Amino acid sequence: MIVHYWLLSFSLLLLWFPRPWLRFGGRVFRLPSRPPVDKNLRDSSDVSLRLADELPNLRNWIDLLRGAAGSIAVFGIRIGAERIPGCFERMRGAPKGTADIIFVIQCAIFVIALLIQTTRNFQERVTLVAPIFFIFGLNFGIIGPLATVFACIAVWVVNLLLPSSGVFLLVFAGLEVVFAKFLSFGVNAYTRTLIMAAALTILPVLLSAMFNRRLVKLNKKARVCVSKSRG
């Protein structure tokens with residue numbers, strides 16, 4: 001097994017970088033703010049996702065891009081008939097168990113990345129957040145860009161029927177398996193790869209059930225509103 005340490009370091013930096021750290025420093029540009037009336041239309045108990053609220057969030061797109069780049073660096077990518085390996089490369093003539101070892105290491109890297117992106121600690125209390133766009137990015141390297149794009153489009157189409165981010169992730173897990181099976185044309189469509197993709201997607205939901213805490217959509221605006229209401 002060949003390990004490209006420079007590429008591994010790059011992928012770990014992208015995948016294990018906590019999202020809250022993206023708030024440090026000045027703002028490069030300011031996105032147009034929504035009218036004040038729109039912010040008060042949603043009930044405080046409404047935890048469903050709205051595409052119109054998620055798209056203008058720059059950190060969501062950063063999550064998607066770094067998740068995609070990091071997963072491709074770890075898992076590799078196939079272009080046409082040629083597969084470009086990631087930071088782990090199996091040598092010719094290596095034992096069959098080498099591929100299994102590489103797969104386990106890749107799974108461990110992704111699991112740790114999701115744990116970092118899902119758990120937040122605010123005011124001495126652990127909060128669980130659904131890293132939707134980060135998970136979208138991870139699937140670009142795991143199941144391929146084509147299947148990921150179709151799965152993302154499909155889950156947002158049915159999103160109006162989904163009551164929470166947890167249900168959103170469960171539905172997306174099913175859609176990514178279906179599209180990876182039928183649209184990847186054999187690219188990364190192995191059974192264990194599909195199981196890993198689905199397991200990573202529902203990992204935040206499992207954490208929510210284990211700790212009996214609801215997955216929340218936590219952002220700066222929501223925290224400001226809560227603090228004002230408490231004051």
Side-chain angles (χ1 to χ4, degrees), residues 15 18-20 22-23 31-68 71 110 113-120 122 125-140 142-143 145 147-180 197-227 229:
L15 297 175
R19 172 170 167 143
L22 296 175
R23 298 194 188 95
L31 295 173
S33 58
R34 299 180 63 186
V37 178
D38 292 342
K39 296 179 182 179
N40 299 324
L41 289 178
R42 297 187 65 175
D43 190 285
S44 59
S45 61
D46 185 3
V47 293
S48 60
L49 296 172
R50 302 280 181 92
L51 184 60
D53 295 335
E54 301 299 328
L55 287 182
N57 194 329
L58 179 62
R59 289 193 295 271
N60 286 340
W61 294 102
I62 295 177
D63 275 352
L64 188 147
L65 291 176
R66 68 192 181 100
S71 64
F110 292 141
L114 269 179
L115 290 177
I116 294 174
Q117 306 305 325
T118 303
T119 56
R120 312 277 179 86
F122 296 103
R125 180 182 178 183
V126 176
T127 303
L128 299 179
V129 183
I132 302 294
F133 281 76
F134 184 79
I135 292 176
F136 287 168
L138 287 183
N139 281 279
F140 274 86
I142 298 175
I143 65 174
T148 300
V149 169
F150 274 90
C152 290
I153 294 174
V155 74
W156 283 114
V157 168
V158 301
N159 178 56
L160 292 177
L161 304 175
L162 307 179
S164 66
S165 54
V167 179
F168 183 98
L169 289 176
L170 290 175
V171 173
F172 181 70
L175 289 172
E176 66 184 355
V177 170
V178 172
F179 284 109
L200 291 172
T201 300
I202 66 176
L203 178 60
V205 183
L206 295 178
L207 291 175
S208 175
M210 288 174 57
F211 292 101
N212 195 23
R213 291 186 180 177
R214 186 178 63 184
L215 288 174
V216 299
K217 189 190 90 169
L218 197 57
N219 53 55
K220 187 175 181 181
K221 293 181 179 179
R223 289 198 299 273
V224 171
C225 294
V226 172
S227 61
S229 64

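This is a predicted model, so every value here is computed, not measured. This chain uses plain numbering: 1 for the first residue, then up along the sequence.
Counting only distance, with no hydrogens or angles, the side chain of W61 and the backbone of L55 share a donor-acceptor pair below 3.5 Å. Listed for the S208 side chain is a donor-acceptor partner under 3.5 Å among the backbone atoms of R213. Within the 3.5 Å criterion, the main-chain N or O of L49 finds a donor-acceptor partner in the side chain of N159. No donor-acceptor distance shorter than 3.5 angstrom exists from the side chain of T118 to the backbone of L115, with no hydrogens or angles considered.
For the ring-ring contact (aromatic ring centres under 6.0 Å, His included) test, no residue two or more places apart in sequence or in another chain qualifies with F134. With sequence neighbours excluded, the residues forming a side chain to side chain contact (heavy atoms under 4.5 Å, CB included) with F150 are L146, F179, L183, listed by chain and number. Scanning for side chain to side chain contact (heavy atoms under 4.5 Å, CB included) contacts around V158 gives L162, V171, with sequence neighbours left out. For E176, the side-chain hydrogen bond (donor to acceptor under 3.5 Å, both in side chains) partners two or more places apart in sequence, or in a different chain, are N139, T201. Among residues two or more places apart in sequence or in another chain, the side chain to side chain contact (heavy atoms under 4.5 Å, CB included) test is passed with L206 by I202. Under the side chain to side chain contact (heavy atoms under 4.5 Å, CB included) criterion, L200 pairs with F110, V111, L114, I142, M196, not counting sequence neighbours.
Residue L160 holds its CG atom at 8.0 Å from CZ of R50, rounded to the nearest 0.5 Å. With values rounded to the nearest 0.5 angstrom, N60 atom CG is found 4.5 Å from F133 atom CZ. We find the CD1-OG distance between I143 and S71 to be 10.0 Å, quoted to the nearest 0.5 Å. Rounding to the nearest 0.5 Å gives a distance of 6.0 Å between OG1 of T148 and CZ of F172.
Across P131 and P204, no two heavy atoms sit closer than the pair CD-CG, 4.0 Å. Annotation for P56 and L51: closest pair CD-O, 4.5 Å, computed over non-hydrogen atoms. Listed here is the closest heavy atom pair of N57 and R19: ND2-NH2, 3.5 Å. Between G166 and L215, the closest heavy-atom pair is CA-CD1, 4.0 Å.
Here the side chains of L128 and T119 are in contact, with some heavy-atom distance below 4.5 Å.
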Step by step, work out the ring-ring contact (aromatic ring centres under 6.0 Å, His included) result for F168 and W156. CA-CA 9 Å; F168 183 98; W156 283 114; 4.9 Å; yes
